[in-house]
Amino acid sequence: MGSLPPSLDLPPPPPKNPQHERVSETILFNLFKAQQGHLNYFFQNLDLSQALSFTETLLNSRGTIFFSGVGKSGFVANKISQTLVSLGIRSAFLSPLDALHGDIGALSAADILVLFSKSGSTEELLRLIPCARAKGVYLISVTSVPNNDLANACDMNVHLPLERELCPFDLAPVTSTAIQMVFGDTVAIALMGARNMTKDQYAANHPAGRIGKSLIFKVKDVMKKQDVLPVCKEGDLIMEQLVELTRKGCGCLLVIDEEYHLLGTFTDGDLRRTLKASGEAIFKLTVGEMCNRKPRTIGPDAMAVEAMQKMESPPSAVQFLPVIDRQNTLIGIVTLHGLVSAGL
């Protein structure tokens, strides 16, 4: 066989890491344990009275809650702001650099500005404070170093106890940002509870994602309707219903009576088992003789995610659920493929 053209030559495999660059399981385990210890230090030493005052201040806000920070603390501040937005709370991230070049115009006297900084000496935030104060904004700092300039310049300070960074040099902000995130997200959930937010309200803010779909979509929104259902009568011969069994893409027959009441189901798996057990006698068997008279069913107003859970429940998973009303009338079918296609 000739060699590949130059454009199709495969790249050489990456060189193996030198011995000193390997990470052992023991080292990784010890790092996780150390980080756990640092986080426990935060939980054990957090001043809950400060945390409560901070939470109540945000809860009573009449304006927008702005968050700001620089570097990794800025990423955390932005994320916490987005969490509040997803809960229906007016919030936004304010870049300290952009604020000094016009974006500070978004601030008003009814707003709160929360400044995240590990050291409390971040120059960009310190330059922002007098400008924000001139707008009448209530200023809150969230820091980890005691008696810092940022805390002294703000109306309120929350101290996040930090034992040390996990970094061996105690420099990379990997523990300080973790406790910032834990603090901010915990406060967000406290606000969620205080505002008595319901699942429906939460889902309304997440209509396109899986979270929203699982809380919004009902079975009737994703089921196949009557006109495309693979139905048959119990007296129909099995072999005469093979086309109906396969052409509707559901992998089953829904056995009904004259009033469209559901009597049972007959699946392609039932067909294989019947053929193996009966042989040529299958040509004389009716669907009613071999169908499952007690299939799993679901109502049209049940949540679609409940349908998926019901399909996957013991003793064995199924690929579909007939949808019936309170009179046991067949009105649709929901399939696993349909639920997956809907993003659930």
Side-chain angles (χ1 to χ4, degrees), residues 198-275 277 282 285-344:
T198 66
K199 273 189 176 183
D200 289 340
Q201 290 172 329
Y202 185 78
N205 296 334
H206 300 79
R210 187 174 182 182
I211 294 174
K213 290 176 180 178
S214 67
L215 295 174
I216 293 176
F217 280 15
K218 294 185 176 181
V219 168
K220 61 186 176 184
D221 299 320
V222 295
M223 72 180 187
K224 294 184 177 182
K225 308 286 194 303
Q226 276 191 359
D227 54 341
V228 293
L229 299 183
V231 296
C232 68
K233 303 297 175 56
E234 61 179 333
D236 294 338
L237 293 174
I238 291 176
M239 299 307 291
E240 292 177 354
Q241 294 299 317
L242 292 184
V243 173
E244 186 72 5
L245 177 62
T246 57
R247 74 186 181 95
K248 296 292 179 67
C250 297
C252 69
L253 291 170
L254 304 174
V255 188
I256 57 172
D257 63 14
E258 297 297 333
E259 286 76 36
Y260 239 81
H261 294 133
L262 181 68
L263 301 178
T265 60
F266 185 83
T267 68
D268 47 10
D270 294 327
L271 174 64
R272 290 191 294 272
R273 287 186 288 272
T274 302
L275 182 60
I282 194 173
L285 293 174
T286 64
V287 177
E289 291 177 279
M290 304 306 297
C291 72
N292 175 15
R293 295 280 179 168
K294 294 183 178 180
R296 298 179 205 177
T297 61
I298 198 164
D301 292 319
M303 302 306 296
V305 68
E306 181 184 338
M308 179 170 286
Q309 292 168 351
K310 201 166 188 177
M311 288 182 192
E312 296 173 344
S313 63
S316 60
V318 296
Q319 300 294 310
F320 67 91
L321 292 174
V323 183
I324 57 174
D325 63 16
R326 293 181 179 179
Q327 287 73 44
N328 195 42
T329 302
L330 180 67
I331 59 175
I333 186 173
V334 59
T335 65
L336 183 60
H337 179 267
L339 292 174
V340 173
S341 298
L344 294 165

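The closest donor-acceptor contact from the side chain of Asn292 to the backbone of Gly264 lies at 3.5 Å or more, if one exists at all. With Thr274 contributing its side chain and Asp270 its backbone, the two residues share a donor-acceptor pair below 3.5 Å. One N or O on the side chain of Gln201 and one on the backbone of Thr198 form a donor-acceptor pair closer than 3.5 Å.
For the side chain to side chain contact (heavy atoms under 4.5 Å, CB included) with His337, the qualifying choice from Thr335, Leu339, Val340 is Thr335, the only one to do so.
From Leu254, atom CG reaches atom OG1 of Thr265 across 7.5 Å, with rounding to the nearest 0.5 Å. To the nearest 0.5 angstrom, Leu242 atom CG is 7.5 Å from Ile282 atom CD1. Going from atom SG of Cys252 over to atom CZ of Phe320 covers 4.0 Å, rounded to the nearest 0.5 Å. For the atom pair CD1 (Ile238) and OG1 (Thr286), the distance works out to 6.5 Å, reported to the nearest 0.5 Å. In this structure, SG in Cys291 is found 9.0 Å from CG in Leu262, a value given to the nearest 0.5 Å. The NZ atom of Lys224 sits 9.0 Å away from the CG atom of Leu229 when rounded to the nearest 0.5 Å.
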Self-check item: side-chain contact (heavy atoms from CB on, under 4.5 Å) assessment of Asp221 paired with Lys218
Solution: CA-CA 5 Å; Asp221 299 320; Lys218 294 185 176 181; 3.7 Å; yes

Quiz item: Would Arg273 and Thr267 count as a side-chain contact (heavy atoms from CB on, under 4.5 Å) if you check the C-alpha gap in whole Å, the side-chain angles of each, and the deciding distance to 0.1 Å?
Solution: CA-CA 10 Å; Arg273 287 186 288 272; Thr267 68; 4.1 Å; yes

Quiz item: Given Met311 and Leu321, is the side-chain contact (heavy atoms from CB on, under 4.5 Å) satisfied, shown in steps?
Solution: CA-CA 7 Å; Met311 288 182 192; Leu321 292 174; 3.8 Å; yes

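The heavy-atom pair separating Cys232 from Gln241 by the smallest distance is CB-OE1, 3.5 Å. Residues Pro300 and Val323 approach most closely at N-CG1, 3.7 Å, considering heavy atoms. For Ile256 against Lys233, the heavy-atom pair with the smallest separation is O-CD, 3.3 Å. Thr329 approaches His261 most closely through the heavy-atom pair OG1-CD2, 3.5 Å. Across all non-hydrogen atoms, the minimal contact from Phe217 to Met303 is O-CE, 3.4 Å. Nearest heavy atoms, Val231 versus Glu244: N-OE2, 3.5 Å.
Pairs engaging residues 289-309 under the salt bridge (charged side-chain N to carboxylate O under 4.0 Å, His left out) rule: Lys220-Asp301, Glu234-Arg293 [sequence neighbours left out].
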